[in-house]
> 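There's a structure below that I have some questions on.
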Amino acid sequence: MNDHLPLIYDTSLENFERDVIAASRETPILVDFWADWCPPCIVLAPVLEKVVQTSGGKLRLAKVEVDEGDNMKLAGRYGLRGFPTVLLFVDGEERARFASARPERWVRDFLKQHGGLFLDTTP
């Protein structure tokens, strides 16, 4: 069980298999590939955090700072072309992705469409 993981956490190339692939077999995981020099990344982060914090534990957020360590290798593995890019993992596999900053309603609709997650909009 992935109870050792908080709702929102940082991960890396070294821990990605455990923190995302394995953990997504129990709880869907959004993976936010971001960089601190990226203005849209800074705009999207609080939107993702709010959606996850109000999900009632139905969703977790793994954050990957692409400029730390070997994390850019993860971006390469998934063919990412820009940041932010968000991947949704369910049952150990990538289910969907989107790029760029998006409003909260859009993110909730994305999760409903691709993850079957019906998340209330109230905190």
Side-chain angles (χ1 to χ4, degrees):
M1 190 146 180
N2 60 21
D3 286 339
H4 70 282
L5 293 173
L7 288 179
I8 299 169
Y9 55 94
D10 294 319
T11 192
S12 63
L13 175 67
E14 295 78 22
N15 299 317
F16 196 81
E17 181 65 35
R18 177 195 71 204
D19 290 353
V20 175
I21 306 301
S24 74
R25 289 185 170 89
E26 296 177 33
T27 307
I29 310 282
L30 276 178
V31 182
D32 178 17
F33 286 87
W34 69 282
D36 62 6
W37 47 261
C38 163
C41 297
I42 305 307
V43 170
L44 181 62
V47 172
L48 296 176
E49 290 169 7
K50 181 178 180 188
V51 168
V52 169
Q53 288 169 338
T54 60
S55 73
K58 296 178 188 175
L59 179 68
R60 295 181 193 271
L61 174 63
K63 300 176 69 64
V64 178
E65 213 303 9
V66 295
D67 288 332
E68 283 185 4
D70 288 331
N71 289 345
M72 193 57 83
K73 291 180 181 177
L74 274 174
R77 178 186 303 169
Y78 289 100
L80 306 186
R81 295 176 174 254
F83 307 106
T85 298
V86 177
L87 280 57
L88 173 64
F89 283 83
V90 178
D91 294 327
E93 296 183 4
E94 180 187 342
R95 181 75 53 92
R97 66 173 64 192
F98 68 88
S100 193
R102 304 289 181 155
E104 181 182 345
R105 176 85 257 157
W106 191 97
V107 173
R108 290 181 186 280
D109 289 343
F110 167 86
L111 290 166
K112 184 175 9 176
Q113 179 181 0
H114 298 288
L117 295 168
F118 297 89
L119 304 177
D120 190 8
T121 57
T122 58

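Count residues from 1 along the sequence. For clarity, every value in this text was computed on a predicted model and none was experimentally measured. The figures that follow rest on heavy atoms only: side chains count, while hydrogens, waters and symmetry mates do not.
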> Heavy atoms only: give me the nearest Leu88-Pro28 pair and the separation to one decimal.
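Answer, listing the atom of Leu88 first, then Pro28: CD1-CB, 4.3 Å.
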
> Give a yes or no answer on whether the side chain of Arg60 reaches the backbone of Pro6 with a donor-acceptor pair at less than 3.5 Å.
yes

> Please report the shortest heavy-atom distance between Thr54 and Lys50, naming the atom on each side.
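What the structure gives for the nearest pair is OG1-O, 2.8 Å.
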
> Can Val51 and Leu61 be said to form a side-chain contact (heavy atoms from CB on, under 4.5 Å), step by step?
CA-CA 9 Å; Val51 168; Leu61 174 63; over 6 Å; no

> At what distance, to the nearest 0.5 angstrom, does CG of Leu44 lie from CZ of Arg102?
9.5 Å

> Please determine if Asp32 and Lys63 form a salt bridge, counting it only when a charged side-chain N lies under 4.0 Å from a carboxylate O.
yes

> Given 3.5 Å as the limit, does a donor-acceptor pair link the side chain of Ser24 with the main chain of Gly92, or not?
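Checked: pair present.
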
> Rounded to the nearest 0.5 Å, how far apart are CG of Asp91 and OG1 of Thr27?
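It is 10.5 Å, given to the nearest 0.5 Å.
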
> Are Val52 and Glu49 side-chain neighbours, meaning at least one heavy-atom pair lies under 4.5 Å?
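SC-SC contact between Val52 and Glu49 ruled out.
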
> Within a strict 4.5 Å, meaning less than it, do heavy atoms of the Arg25 and Ile21 side chains meet?
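When only atoms from C-beta onward are counted, Ile21 and Arg25 do touch, with a gap below 4.5 Å.
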
> Whether the side chain of Asn71 engages the backbone of Leu13 through a donor-acceptor N/O pair (distance < 3.5 Å, no angle test) should be reported.
yes

> Could you tell me how the ring of Phe33 sits relative to the ring of Tyr78: parallel (under 30°), tilted (30 to 60°) or perpendicular (over 60°)?
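Rings of Phe33 and Tyr78: tilted, 30 to 60°.
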
> Take the angle between the ring planes of His114 and Phe110 and call it parallel below 30°, perpendicular above 60°, tilted in between.
tilted

> State the CZ-CZ distance between Phe89 and Arg95, to the nearest 0.5 angstrom.
11.5 Å

> How far apart are the closest heavy atoms of Thr85 and Ala99, and which atoms are they?
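Nearest pair, atom of Thr85 first, then Ala99: OG1-CB, 3.9 Å.
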
> Rounded to the nearest 0.5 Å, what separation is found between the CD atom of Gln113 and the CZ atom of Arg108?
16.0 Å

> Take Ile8 and Gln53, measure what side-chain contact (heavy atoms from CB on, under 4.5 Å) needs, and give me the verdict at the end.
CA-CA 8 Å; Ile8 299 169; Gln53 288 169 338; 3.8 Å; yes

> How far does CH2 of Trp34 sit from CG of Leu48, to the nearest 0.5 angstrom?
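Spacing of CH2 (Trp34) from CG (Leu48) equals 12.0 Å.
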
> Taking atom CG of Asp19 and atom CD1 of Ile29, what is their separation to the nearest 0.5 Å?
8.5 Å

> Would Trp106 and Val47 count as a side-chain contact (heavy atoms from CB on, under 4.5 Å) here? Give the steps.
CA-CA 10 Å; Trp106 191 97; Val47 172; over 6 Å; no

> Does the side chain of Glu65 reach to within under 4.5 Å of the side chain of Asp10, using non-hydrogen atoms?
no

> On a heavy-atom basis, which atom in Pro40 and which in Ala101 lie closest, and how many Å separate them?
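Result for this residue pair: O-CB, 3.7 Å.
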
> Yes or no on side-chain contact (heavy atoms from CB on, under 4.5 Å) for Val31 and Glu94, after CA distance, side-chain angles and deciding distance?
CA-CA 10 Å; Val31 182; Glu94 180 187 342; over 6 Å; no

